[in-house]
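First the structure, in the form of structure tokens, and then the observations on it.
Note on naming: letters A, B, ... go to the chains in the order of the sequence lines (proteins, then strands), and numbering restarts at 1 for each one.
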Protein chains: 2
Amino acid sequence: MKKDINVPDCSSCKNKDNFFCNLSISEKKRLGLNKKSGTYKKGEVIFNEGGLSNRLYCIYKGKVKITKLGTEGKDQLIRFSKTADILGYRALFNNDPYNATATAIEETTVCFLPKSNIMEALTSNTDLSLRLIQLLSSNLRDAENHIIEMGQRTATERLILALLLLHETFGFAEDGKTINVKLSRRELADMAGISSETAIRLLIKLKERNLIELKQKNILIPDLKKLQNEVE
Amino acid sequence: MKKDINVPDCSSCKNKDNFFCNLSISEKKRLGLNKKSGTYKKGEVIFNEGGLSNRLYCIYKGKVKITKLGTEGKDQLIRFSKTADILGYRALFNNDPYNATATAIEETTVCFLPKSNIMEALTSNTDLSLRLIQLLSSNLRDAENHIIEMGQRTATERLILALLLLHETFGFAEDGKTINVKLSRRELADMAGISSETAIRLLIKLKERNLIELKQKNILIPDLKKLQNEVE
DNA sequence: TCAAATATATGACACAAGTCATATTTTTGC
DNA sequence: GCAAAAATATGACTTGTGTCATATATTTGA
């Protein structure tokens, strides 16, 4: 992590639709008082499961994976977060240690907002609590759907659902078919709860069936509808 | 469902530690204004996935399972709720349909609190938002742990974890070893994300290893620590 | 640039757990 | 009390997927 001094004040942030978008200009100024920021390289850990928290993280730019370590030292991917998303909110609002690890999956710039600023914003703008409730509800809905996938879908289906989630979260690159993030086979396996070897094999199978294309670390979905139909 | 006219006003509720425990007496009186209540028989549905909501449910007495229908018509158990817990809060605060089905697993009496009362309580007592944030955070933590179990644990381990969750949620009966709820093998299987046949077989195996006792529909855990050690 | 580390790919093999069928027991509703 | 429905139990069989080992390709860091 290296300190980043090029990030603007919260009231001038380029991410207009972020979690704090409903705050007034003056509320945003107070939110960003004394904030710091830093840039993490791909693979660097932003915070660790079990660590203590006194600030909220706001992603200025980049992509992050949230993982938990399971049994036998294997990771399970819980969620992705990207530019404009907040991180570490559950620990902050519950005065708990982090219960997951946040890792940059590409170079990522993050702002650290002091807890006192957040609490003040919550008090002055009660809409913010409702936004947080909605965010947690959305996370919970996604987690519940993931439980069902893990319990009831085949490994192939889970891998396809993982690819569709990547598209949904990060979109396509400009060519309109390359998933806009590069993950290792291990990371894909951690999303789908399968072994790396199985992920590798099934990706090749999907390629052979022309459902995806593989170009170095890029995965392309030539026909999104067709891939979606595989898991209906 | 039959209407129940024996439930007291919220300010006199026997469940002193419920979600609304921090409200003042007068706030509780306003919360319960025009509330209704009903009693559901074991197996009756309290609300259905996809249904619309304009009230919050508060369990006066009883036990409820929250399930989602997965692929191929198979249920996945998401969570249990019991006496003093609230239900339907996510739909209410997000103006969404219910995304799960709530079913009584024993005779259950539920109070229906009008949405307007809830919103008023939220406005007058900002602590209530924080309690809801904490509740959602707790649900989410549990769901995330469940994802890991589904992805990384054997069926036997998952069944044991399901039994431990039943103990944790509902406790033991007075003998100190009978789990204080009766579920069918199918319901246990839905908790663990395994087939009924597998649940039946593995229960018998656990019995043979003296880790549990089976007495009609009752499951007994003679040595809780020993069972916990099986899944460390 | 190069050696070491890591990621990807592949083959072989084993088995946990699912499906299907059937028998038996228990529960339900009239 | 009784028939039907549902739950529980068991056997047989199949296979999806994990593990382990090894080869090859790519990335990393000095």
Check: A:L188 and A:I219 side chains under 4.5 Å, non-hydrogen atoms: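 A:I219 reaches A:L188 side chain to side chain.
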Any heavy-atom pair between the side chains of A:F20 and A:L113 that's under 4.5 Å?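 The answer is yes; the side chains approach within 4.5 Å.
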Is the phosphate of D:dA7, meaning OP1 or OP2, less than 4.0 Å from a side-chain N or O of B:S184?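 Looking at the OP1 and OP2 atoms of D:dA7, neither is under 4.0 Å from any side-chain N or O of B:S184.
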Can you confirm whether the side chains of A:N94 and B:S137 place a donor and an acceptor under 3.5 Å from each other?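 Short answer, yes.
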Is the backbone of B:T178 close enough, under 3.5 Å, to the side chain of B:D175 for a donor and an acceptor to pair up by distance?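 Pair found, side chain donor or acceptor close to backbone of B:T178.
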B:R153 (side chain) donor-acceptor with B:R158 (main chain) under 3.5 angstrom: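 Checked: no pair found.
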[X] [atom1] to [N] [atom2]: how many Å, rounded?
X	N	atom1	atom2	value
A:L214	D:dA25	CG	C1'	15 Å
B:K215	D:dT8	NZ	P	18 Å
B:R158	C:dG18	CZ	P	7 Å
B:I194	C:dA17	CD1	P	8 Å
A:I200	D:dT17	CD1	P	16 Å
B:K42	C:dT28	NZ	P	7 Å
B:L159	C:dA17	CG	P	11 Å
A:Q152	D:dG16	CD	P	18 Å

Out of [options], which nucleotide sits closest to the side chain of [X]?
X	options	result
B:S195	C:dT19, C:dT8, D:dT10	C:dT19
A:R186	D:dA7, C:dA9, C:dA7	C:dA7
A:T198	C:dA17, C:dT10, D:dT17	D:dT17

By the 4.0 Å heavy-atom rule, please label A:T154 as base, sugar-phosphate, or nothing.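 Result for A:T154 = sugar-phosphate.
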Between the protein and nucleotides 20-26 of chain C, which nitrogen or oxygen pairs are less than 3.5 angstrom apart?
unit_1: C:dC20; atom_1: N4; unit_2: B:E197; atom_2: OE2; d: 3.4

So B:F47 and B:Y57, would you call those rings parallel, tilted or perpendicular, with 30° and 60° as cut-offs?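 Judged by the thresholds at 30° and 60°, the geometry between B:F47 and B:Y57 is tilted.
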Verify salt bridge (charged side-chain N to carboxylate O under 4.0 Å, His left out) between B:R90 and A:E144, making sure each step is shown before the conclusion. CA-CA 13 Å; B:R90 276 161 59 202; A:E144 285 168 1; 2.9 Å; yes
